[in-house]
Amino acid sequence: MISQMEGSQAVAQSVALCRPEVICAYPISPQTHIVEGLGALVKGGTLAPCEFLNVESEFAAMSVAIGSSATGARTYTATASQGLLFMVEAIYNASGLGLPIVMTVANRAIGAPINIWNDHSDSMSQRDCGWLQLFAESNQEAVDLHIQAFRLAEELSMPVMVCMDGFILTHAYERLDIPSQAQVDAFLPPYEPRQVLDPAEPVSIGAMVGPEAFMEVRYIAHAKQTMALERIPEIAAEFEAGFGRAAGGLVRGYRIDDAETIVVALGSVVGTLEETVDAMRDGGEKIGLLSIRSYRPFPLAAVRGALKGAKRVVVLEKSFSVGMGGVVSADVRMALSGIKLRGYTVVAGLGGRPITQGSLRRMLADAVADRLEPLTFLDLNHEVVNRQLAREASMRRSGPIAENLLRDIGGKAEKVEVRP
């Protein structure tokens, strides 16, 4: 069914079609509309049988998800930003226990300072927690990835995050194809848990494990992620056969066959990059794009195969490791180990800063000419940064950084003597 709707409401419809039995919710922008939509479906009886639990925190939401999944219920929740960080202890528990929880992460920046807009800092901070991470390029893909996520989670008995860009996707209205219940039922079988807490057969889970077995437990989580590298593209192919459109998979290449320069990216910026690539192709530049759809497990072989023929690779990422540089870039470099090409990291869009075609074209022109710095911050205001660094060098009580920057940008900067 084709409908014009908000991305969050479309995701709510998609999750409901997967027949979850427990939904635990704590609101935090920009995921709130998703759980609001699901709550309305439960209250109205459209989604039944399903228990919708309002909890007092994000930590409680994941704790409830762990309990419900452990008793054999298909379980869903959603979060973002600081909410994801508040869950962290329980997030590790969910993956360590091998529970097939599906969670939407409406990607949002992490404070301080407080910022409610989009970047990928939140889910990237949990890249080692043991959850699978699938990234949506569009709202249609977000709809489709949630259906695939339940299938993947339950086959492997592992939790899955479906990551979609906050506000850019969650609050955007567009025409979307919402599958029928019959289509989803044919693709997603009834949940048959691998482990169940049953009062008739009492067991304990998550108890103390010493050095004699802990490494093996962790290795099994790694082995399952490796299995996911095979199942993700297989499930995506089955989805395309059943629903008539492609979605998901490990990576997706765009005009990369003869590309000398390839940009690597995740999420909604892929659409803007495609238009930029087309424009630069029209100008004679051999540029392509590789979209990473499965960030965890990271598809080393697929990335290597897609990039090995290029002369240079530019990794555009909406997060970074402070004091080090690119997050995704480190994984890409591992994939390209032993292959000689020029590699650049471009950090962009932090805190929701717009990523424009103009800025991308200028940056890529520099990359093609090999003028780009190894680590570049796209559209960084160097003047205001240097002013604050000079202020801190000259005054012990230099004041709060964020507020100083805002005053400087607003034209109220005090004169600061820069020391040589």
Side-chain angles (χ1 to χ4, degrees), residues 105 107 120 123-124 127 131-138 140-142 144-149 151-152 156 160-165 169 225-241 245-278 281 286-319 326-339 341 343-346 348 364:
V105 177
N107 289 118
H120 294 161
S123 58
M124 290 292 170
R127 59 190 177 274
W131 285 57
L132 280 69
Q133 290 192 15
L134 309 178
F135 274 79
E137 297 175 9
S138 64
Q140 184 64 67
E141 190 163 51
D144 299 342
L145 281 179
H146 281 84
I147 299 168
Q148 295 181 45
R151 172 87 174 269
L152 182 64
L156 296 175
V160 179
M161 294 182 195
V162 179
C163 305
M164 60 186 299
D165 286 350
L169 295 183
Q225 290 254 351
T226 303
M227 295 175 196
L229 287 172
E230 296 182 5
R231 286 304 290 144
I232 288 171
E234 291 171 354
I235 288 172
E238 291 182 42
F239 183 92
E240 183 175 4
R245 59 178 176 270
L250 298 175
V251 299
R252 181 176 69 86
Y254 183 75
R255 305 190 75 168
I256 63 173
D257 290 343
D258 64 339
E260 296 179 354
T261 303
I262 298 179
V263 187
V264 179
L266 308 88
S268 62
V269 72
V270 167
T272 307
L273 280 166
E274 286 180 351
E275 295 180 2
T276 306
V277 166
D278 288 342
R281 280 277 182 172
K286 292 184 177 181
I287 291 184
L289 169 66
L290 184 70
S291 170
I292 296 177
R293 287 164 157 179
S294 168
Y295 179 63
R296 283 295 183 269
F298 191 81
L300 291 168
V303 170
R304 185 181 182 89
L307 300 180
K308 64 182 181 182
K311 292 182 178 179
R312 63 189 64 81
V313 173
V314 179
V315 181
L316 183 80
E317 44 188 315
K318 299 173 80 170
S319 68
V327 176
V328 182
S329 301
D331 297 311
V332 172
R333 281 196 297 271
M334 183 178 292
L336 296 175
S337 178
I339 297 177
L341 49 71
Y344 303 99
T345 297
V346 178
L364 288 172

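Keep in mind it's a predicted model, so treat the numbers as computed, not measured. Side chains included, hydrogens not; waters and symmetry mates left out as well; all remaining heavy atoms used.
- Side-chain atoms of T261 and R312 form a donor-acceptor pair, as typed in the model, at a separation below 3.5 Å.
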Run the side-chain donor-acceptor check on residues 298-308: report pairs under 3.5 Å with partners two or more places apart or on a different chain.
| from | atom 1 | to | atom 2 | distance (Å) |
| --- | --- | --- | --- | --- |
| R304 | NH1 | A335 | O | 2.9 |
| R304 | NH1 | S337 | O | 2.9 |
| R304 | NH2 | S337 | O | 3.4 |

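- For the pair S291/L273, no side-chain contact is recorded, criterion being any heavy-atom separation below 4.5 Å from C-beta on.
- Using modelled atom types, one side-chain atom of E141 and one backbone atom of G248 make a donor-acceptor pair closer than 3.5 Å.
- Formation of a donor-acceptor pair under 3.5 Å by the E137 side chain with backbone atoms of V270 is not found in this model.
- Between A247 and A236, the shortest heavy-atom distance links the atoms O-CB, 3.4 Å.
- With rounding to the nearest 0.5 angstrom, the CG atom of L266 is 9.5 Å from the CG atom of N107.
- Remark: Q148 CD to R293 CZ distance equals 9.0 Å, nearest 0.5 Å.
- Using a cutoff of 4.0 Å between basic side-chain nitrogens and carboxylate oxygens, R127 and D331 are not scored as salt-bridged.
- Partner V269 forms a side chain to side chain contact (heavy atoms under 4.5 Å, CB included) with one of L316, V263, T276 and no other, that one being L316.
- Evaluated for a side chain to side chain contact (heavy atoms under 4.5 Å, CB included) with V313, the options T345, L341, L290, I339 yield exactly one hit, L341.
- Atom CG of L134 and atom CD1 of I292 lie 12.5 Å apart (nearest 0.5 Å).
- In terms of heavy atoms, A228 sits closest to P297 at CB-CG, 3.9 Å.
- Side chains of C163 and H120 form no contact here, defined as non-hydrogen atoms less than 4.5 Å apart.
- From D165, atom CG reaches atom NZ of K318 across 4.5 Å, with rounding to the nearest 0.5 Å.
- The heavy-atom pair separating E317 from S329 by the smallest distance is OE2-OG, 2.6 Å.
- Atom CZ of F135 and atom CE of M124 lie 4.0 Å apart (nearest 0.5 Å).
- Of all heavy-atom pairs spanning A259 and G288, the tightest one is CB-N, 3.5 Å.
- Annotation: the span from I287 atom CD1 to R281 atom CZ amounts to 8.0 Å, rounded to 0.5 Å.
- Side chains of D278 and R255 form a contact here, defined as non-hydrogen atoms less than 4.5 Å apart.
- Counting only residues at least two apart or on different chains, the side-chain hydrogen bond (donor to acceptor under 3.5 Å, both in side chains) pairs with a member in residues 226-238 are R151-E238, E155-R231, R231-E234.
- Within the 4.5 Å cutoff, the side chain of W131 has no heavy atoms near those of the V105 side chain.
- Of all heavy-atom pairs spanning L289 and I256, the tightest one is O-CG2, 3.2 Å.
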